[in-house]
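As the structure lists them, so they are numbered: ligands from 1, and atoms in each ligand from 1. This is a predicted model, so every value here is computed, not measured.
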Amino acid sequence: MEFEPVIGLEVHAQLKTKTKIFCSCSTEFGAPPNTHTCPVCLGMPGVLPVLNKKVVEFTLRMAVATHCKVNKQSRFARKNYFYPDLPKGYQISQYELPIASNGWVLVDTNGEVRKIGINRIHMEEDAGKLVHGDTPDTAGVSMVDLNRACTPLLEIVSEPDMRSADEAIAYLKKLHQIVVYLGVCDGNLEEGSFRCDANVSVRPSGQQEFGTRAELKNINSFRFIKQAIDYEVERQIDLIESGGKVIQETRLFDSNTGMTRSMRGKEEAHDYRYFPDPDLVPLVISEAWVDDVRATLPELPDAKRSRFVDDLGLPVYDAEVLASDRELADYFDACVQAS
Ligand code: ADP
Ligand code: MG
Ligand code: ZN
């Protein structure tokens, strides 16, 4: 029997604002632990979050660039869970009313172009970070650094539209290109500014209904994401062929072995008890603001590539390479102007 992989991705992109999403602390990476903190991002009782307008503007740019519908009214929600790097005991996110939904991007995999749907885009705050001691006097000790707490994230959730690891990577690279072009994210995978969870299932070719999915968590390079998806697809096919059943679970990718292993099953899945955050009013976006964002969007990679091919007569491959990087494309344009 032939099997077809089905893949949906959840991407987190850290927004390149100077300050955090609900307070005025700096978002700069690499500062000494806990120096970029205040009562709001430390989660002290009685403090109130104030939304950073720039976060909304950056999110609108991404929403418009990916053909999403901008929801005129959206809401922040509390996602409740306990973790030592989350002093409030909840993360402020968006849930049933996200800022944008129903978008798409075009993805080219080895010459085959397909439209990949975006289910939703929403804003949320990041958590802090646990640092596990590795020097003689800190071995065995875990420390909390809250510099990252409350930094703004975009979450971009795709439809389960991808059918191979290559297509998933092409989609990811497309999103990565767009956020970098728009100047809303630095796109640094190593520093965790752009990270991805991959949902993977398989189904017999020709079957309409989706199979049960596994979610692969936080993998931090394009190469590892491809490896993790390929491994997971094989694992699920082998399992089904040997009479087993895929169970819904969260799995971790181990880059040393190239394998995924179970982290937690659905039974242990979180119940986050989302509810509207009473500290933040509903977010209302005017038509005029969206129009203004649309009018000031830079030329995006797809449009650049087409222009290089149609107006300048470049081969598609060359156009693709030049358009893939904004600085390179701008430099090329400047050279053409000057020649
Ligand atoms: P959760 O909160 O469980 O992660 P979300 O709705 O936020 O759920 O994300 C689900 C992600 O999984 C989406 O990207 C979606 O496209 C993808 N997905 C849903 N069902 C399947 C499936 N059967 N196979 C692969 N991916 C799937
Ligand atoms: Mg998920
Ligand atoms: Zn702060």
(message) With heavy-atom distances below 4.0 Å as the criterion, list the atoms of ligand 1 near Val6.
(response) 24 (N), 25 (C)
(request) Tell me, please, if Cys23 has any N/O/S atom, main chain or side chain, under 2.8 Å from the Zn ion (ligand 3)? (result) yes
(message) Check this for me - ligand 1, Ser201, N or O atoms closer than 3.5 angstrom, yes or no?
(response) yes
(message) If you round to 10 degrees, what value do you get for the angle at the Zn ion (ligand 3) between Cys38 atom SG and Cys41 atom SG?
(response) 110°
(message) I'd like to know if the side chain of Asn102 reaches the main chain of Cys68, judged simply by a donor and an acceptor atom lying under 3.5 Å from each other, with no hydrogens or angles considered.
(response) no
(request) Measure from atom 10 (C) of ligand 1 to every heavy atom in Glu215, Arg203, Gln248, Arg213 and give the option owning the shortest one. (result) Arg213
(request) Report the part of Asp161 (side chain from C-beta onward, or backbone N, CA, C, O) that has a heavy atom under 4.0 Å from ligand 1; answer both or neither where that applies. (result) neither
(message) Give the atom numbers and elements of ligand 1 that come within less than 4.0 Å of a heavy atom of Leu9.
(response) 14 (O)
(message) With a 6.0 Å cut-off (strictly less than), is the heavy-atom count around CD of Gln73, excluding the residue itself, greater than 12?
(response) yes
(message) Need the ligand 1 atom indices (1-based, order shown) with element for anything under 4.0 Å from a heavy-atom of Val157.
(response) 13 (C), 14 (O)
(request) Check for a donor-acceptor pair, side chain of Asn119 on one end and backbone N or O of Ser158 on the other, with a separation under 3.5 Å. (result) no
(message) Please list, in number order, the atoms of ligand 1 under 4.0 Å from a heavy atom of Glu159.
(response) 16 (O)
(request) Using a cut-off of strictly less than 2.8 Å, determine whether Cys150 has an N/O/S atom near the Zn ion (ligand 3). (result) no
(message) Can you tell me if Tyr331 has over 12 outside heavy atoms packed within less than 6.0 Å of its OH?
(response) no
(request) Could you tell me whether a side-chain N or O of Lys72 sits under 3.5 Å from a main-chain N or O of Glu287, the two making a donor and an acceptor? (result) no
(request) List every atom of ligand 1 that sits less than 4.0 Å from any heavy atom of Phe210, numbering the atoms from 1 in the order shown and giving each element. (result) 23 (N)
(message) Under the salt bridge (Lys or Arg N to Asp or Glu O under 4.0 Å) test against Glu167, which residue among Lys226, Lys115, Lys174, Arg114 passes?
(response) Arg114
(message) Would Gly211 count as a polar contact of ligand 1, with the cut-off being nitrogen or oxygen pairs under 3.5 Å?
(response) yes
(message) Does Tyr95 have more than 12 heavy atoms from other residues, nucleotides or ligands lying within 6.0 Å of its OH?
(response) no
(message) Could you tell me if Asn80 and Arg273 have a donor-acceptor pair between their side chains, going purely by distance under 3.5 Å?
(response) no
(message) Please compare Asn199, Thr212, Thr250, Ile118 and report which has the shortest non-hydrogen distance to atom 26 (N) of ligand 1.
(response) Asn199
(message) Which label fits Phe224 and Phe253: parallel for a plane angle under 30°, tilted from 30 to 60°, or perpendicular past 60°?
(response) tilted
(request) Check whether any N or O atom of Pro160, backbone or side chain, sits under 3.5 Å from an N or O atom of ligand 1, and answer yes or no. (result) yes
